Structures are given as structure tokens and as C-alpha cells.
Amino acid sequence: MLQTEYEFILPAGYIDKEGNLHQEGVMRMATAADEILPLKDPRVQNNPAYLIVLLLSRVVTRLGSLEVVNPKIIESLFASDLAYLQDLYNRINGNGMRSLQISCPHCEQNFAVELDLSGES
């Protein structure tokens with residue numbers, strides 16, 4: 001069965017207005033619309049770097065006890081958390097490969113190694 005949602009733990013975490021820390025969350029795989037629709041947004045047209053903010057606000061479905069994850073929340077993340085989520089997004093929406101072909105340096109035997117996507121459950 002295809003896994004479409006991935007749990008994660010942010011390195012630093014989002015601190016809300018009340019001072020609560022939110023680190024655990026869920027990201028789902030992106031759809032074509034998730035990648036296409038933000039391109040029409042004026043914020044992305046004025047600043048292409050803003051694309052990742054909109055993408056993440058669409059695919060992060062849960063962050064701690066927050067009811068909604070919106071662009072303002074993604075904008076407020078620490079840089080380390082943004083980089084972490086961007087890397088996770090790229091890994092789960094890549095070519096679907098979650099393993100690497102490795103060659104043993106001793107026996108030269110080839111085998112597949114499952115990737116450890118740290119922070120995921």
C-alpha cells in the first residue's frame with residue numbers, strides 16, 4: 001500500500017502566540033494542484049522563494065495542536081525547521097525511491113538499503 005502521510009518532529013519547533021511549542025506534525029504527499037496552484041499566487045510571482053512557504057502550508061496537515069497550518073505559521077518557523085521540512089518534502093515527493101543501491105566495499109556485492117528518513121514514524 002502506498003504511504004501518503006509522514007510523521008515528523010521539527011528540530012526546533014514552532015512557538016505560537018501563547019508560547020506553546022509545536023514540534024510533532026504530519027506531511028502528506030503533494031498533488032499536482034499543490035505544486036501548480038501556488039505559482040499563480042502574486043506573492044510567488046513577486047518572490048519565487050515564497051513558493052516553498054505556500055507548498056508547505058498546503059502539505060503540512062498537522063503541527064502540534066494547531067488546528068490549521070497556514071502560510072503565516074510556515075513563515076514563522078525557524079530557518080532550521082524550514083530547511084528540515086523542505087528536505088522532507090523533496091524526499092517524499094521525489095521519484096518514490098526510498099532505498100539506495102549500495103555496493104559492499106569488501107565483497108563488492110550489490111544490495112538495496114532502506115533510507116532512514118529521520119524524524120518520521
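Keep in mind the model is a prediction, meaning the values are calculated, not measured.
A donor-acceptor pair is defined here as one N or O able to donate and one able to accept, closer than 3.5 Å; no such pair exists between the side chain of Asp87 and the backbone of Ala83. Between the Asn47 side chain and the Arg43 main chain, no donor and acceptor come within less than 3.5 Å of each other. No donor-acceptor pair closer than 3.5 Å links the side chain of Glu24 to the backbone N or O of Ile9. Glu5 places no side-chain N or O within 3.5 Å of a backbone atom of Glu7 that could act as its donor or acceptor partner.
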Would you sort out whether Ile36 and Thr31 count as a side-chain contact (heavy atoms from CB on, under 4.5 Å), showing the intermediate values? CA-CA 9 Å; Ile36 294 169; Thr31 64; over 6 Å; no
Full working for side-chain contact (heavy atoms from CB on, under 4.5 Å) between Leu10 and Phe78: CA-CA 10 Å; Leu10 294 176; Phe78 293 106; over 6 Å; no
What do the steps show when you test Val69 against Thr61 for side-chain contact (heavy atoms from CB on, under 4.5 Å), and what is the final call? CA-CA 7 Å; Val69 178; Thr61 59; over 6 Å; no
Could you please spell out the steps behind the side-chain contact (heavy atoms from CB on, under 4.5 Å) verdict for Val26 and Val60? CA-CA 6 Å; Val26 175; Val60 174; over 6 Å; no
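Asp34 has its side chain within reach of Arg28: a pair of non-hydrogen atoms, C-beta onward, lies under 4.5 Å apart. With a 4.5 Å cut-off on side-chain heavy atoms, Leu51 and Leu39 count as touching. With a 4.5 Å cut-off on side-chain heavy atoms, Leu88 and Asn90 do not count as touching. At least one side-chain heavy atom of Met27 sits under 4.5 Å from a side-chain heavy atom of Ile92. Contact of the Phe8 side chain with the Leu85 side chain is registered, since non-hydrogen atoms from C-beta on lie closer than 4.5 Å. Side-chain contact between Val59 and Met29: absent, with no pair of heavy atoms (C-beta onward) separated by less than 4.5 Å. Using a 4.5 Å cut-off on side-chain heavy atoms (C-beta onward), Asn20 and Ile15 make no contact.
Taking both residues in full, the closest heavy atoms of Ala12 and Gln23 are given as O-NE2, 3.3 Å, listed atom of the first, atom of the second, then distance. For the pair Ile73 and Val68, the tightest heavy-atom approach, listed with the atom from each and the gap, is CD1-O, 3.2 Å. Across every non-hydrogen atom of Asp81 and Gly13, the tightest pair is OD2-N, 2.7 Å. Listed here is the closest heavy atom pair of Ser57 and Asn70: CB-C, 3.6 Å. Across all their heavy atoms, Leu56 and Gln86 have their closest contact at CD1-N, 4.4 Å. Across all non-hydrogen atoms, the minimal contact from Pro38 to Leu55 is CG-CD2, 4.4 Å.
In this structure, OH in Tyr6 is found 8.5 Å from CG in Asn93, a value given to the nearest 0.5 Å.
The salt bridge (charged side-chain N to carboxylate O under 4.0 Å, His left out) contacts involving residues 61-74 comprise Lys72-Glu75, where partners must be two or more places apart or lie in separate chains.
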